[in-house]
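Owing to the predicted nature of the structure, the values given are computational and were not obtained by experimental measurement.
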Amino acid sequence: MKHNNLLTSFTLLSLLCIFCTSCSDMEMAKKACGTWESIRIVEENGCKEKTYYEFGPVKGDTSGGDLKETTYFTERGEVEDGQEYKAQYKSVIKGTWEILAGDIYFTYDLSTLKVTFEDISYPGADRLSESLAQSFIKNYGQSLIQESIEELKEHLYNWYSENENNEDCYQNVNIKGDNMSFDASDGVIKLIRIK
C-alpha cells in the first residue's frame, strides 16, 4: 500500500510540475510576441549579420505562434583595383515558434526561404566612380549577384535543415522588459524588442 501511495504522490507531483511549467511557458510566450532585433554578429570573414524575429501572437493553448525571421548580411571586400565595396543581401524564412519548458523552438518552413540582393556601395569612392561601378553592375554584374544569392541560399538552406524536422532549440529563454536572451550552441543570443 505504501508503494502505491508513493507512486500516486509522484504522479500528482509530476502533473503539477507539468501544469506549472505550461503556465510559465504561456506567460513567457505572451511576453515574447512582437518584433525583436538581434545584436549584430560579425563572422570570421568580416560578414555582418543583423536578424529580426517576428514572433506572431500566441495561438489557442499553444505557447507560440507564427515566426518570420529576416536577416541582413553585409559583406565587405575589394575589387581588382583595390577599391573597397560593401554588398548587402537579405534572407527571409517563415515557420513557427513555441516555448516549452523554458526553451524556445523554431520550426522552419524551408519552402519559404527567400534570398535577395539589396545593395552595393563603395565607401570612399567619389560619385563618378560609384556611378560607373553601379552601371557596370547593372550591365555585367547581374550573373555574379545571382551566383552570390544562390550560394547564400544554399548555405542557409543547409543550415536551417541540419536539425531534425528543420527545428532549432534554444535553451534558457529569459525575457526582462524589452530584452530577451537565450542560449545557442555558440553562445548567448541577445535580442531587443523594437515593436
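- Taking each heavy atom of A101 and D25 in turn, the nearest pair found is N-OD2, 2.6 Å.
- With values rounded to the nearest 0.5 angstrom, Y170 atom OH is found 6.5 Å from F106 atom CZ.
- Taking both residues in full, the closest heavy atoms of C169 and D103 are given as SG-CB, 3.9 Å, listed atom of the first, atom of the second, then distance.
- Judged by distance alone, with hydrogens and angles left aside, the side-chain atoms of N174 form no donor-acceptor pair with the main-chain N or O of F182 at under 3.5 Å.
- Atom CD1 in I99 sits 4.5 Å away from atom CD1 in I104 (nearest 0.5 Å).
- The two residues P57 and C33 come nearest to each other via the heavy atoms CA-SG, 3.6 Å.
- The backbone N or O of G95 lies less than 3.5 Å from no partner atom in the side chain of D109, so there is not a single donor-acceptor pair.
- In this structure, W97 contributes its side chain and D66 its backbone to a donor-acceptor pair below 3.5 Å.
- A distance of 13.0 Å separates CD of E37 from CE of M180, quoted to the nearest 0.5 Å.
- Scanning all heavy atoms of the two residues, the minimum distance from S161 to Y157 falls at OG-O, 2.8 Å.
- E118 meets the side chain to side chain donor-acceptor pair (under 3.5 Å) test with T116; sequence neighbours excluded.
- Heavy atoms of other residues, nucleotides or ligands lying less than 6.0 angstrom from CD of E154 number 12 at most.
- With contacts defined as side-chain heavy-atom distances shorter than 4.5 Å, the pair E69/Y108 qualifies.
- Just one of F73, Y72, Y89 meets the ring-ring contact (aromatic ring centres under 6.0 Å, His included) condition when paired with F117; it is Y89.
- Atoms OG1 and CD, from T107 and E98 in turn, are 8.0 Å apart once rounded to the nearest 0.5 Å.
- Taken from NZ in K153 to CD in Q146, the straight-line distance is 9.5 Å, to the nearest 0.5 Å.
- In this structure, L110 is a member of the same hydrophobic cluster as I149, with clusters built from ILVMFWY side-chain heavy atoms closer than 4.5 Å.
- The line from OG of S91 to CH2 of W159 is 9.5 Å long, rounded to the nearest 0.5 Å.
- Other residues, nucleotides and ligands contribute more than 12 heavy atoms inside 6.0 Å of the CD1 atom of I194.
- In the hydrophobic clustering of ILVMFWY residues, with side-chain heavy atoms under 4.5 Å counting as a link, L113 and V92 come out apart.
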Report the C-alpha distance between K190 and N179 in whole Å, list the side-chain angles of each, state the deciding distance to 0.1 Å, and finish with yes or no for side-chain contact (heavy atoms from CB on, under 4.5 Å). CA-CA 7 Å; K190 296 180 180 180; N179 295 296; over 6 Å; no

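- Qualifying side chain to side chain donor-acceptor pair (under 3.5 Å) partners for T71, counting only residues two or more places apart in sequence or in other chains: T51.
- Look at K86 and D119 and you find no salt bridge, because none of the NZ, NE, NH1 or NH2 atoms lies under 4.0 Å from a carboxylate O.
- Between the side chain of T112 and the backbone N or O of K94, at least one donor-acceptor pair lies under 3.5 Å.
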Audit row: V188, D183, side-chain contact (heavy atoms from CB on, under 4.5 Å) steps and yes/no: CA-CA 4 Å; V188 176; D183 298 338; 3.5 Å; yes

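- For D178, the side chain to side chain donor-acceptor pair (under 3.5 Å) partners are R193, not counting sequence neighbours.
- Nearest heavy atom pair, residue V58 against residue S63, reads CG1-CA, 4.5 Å.
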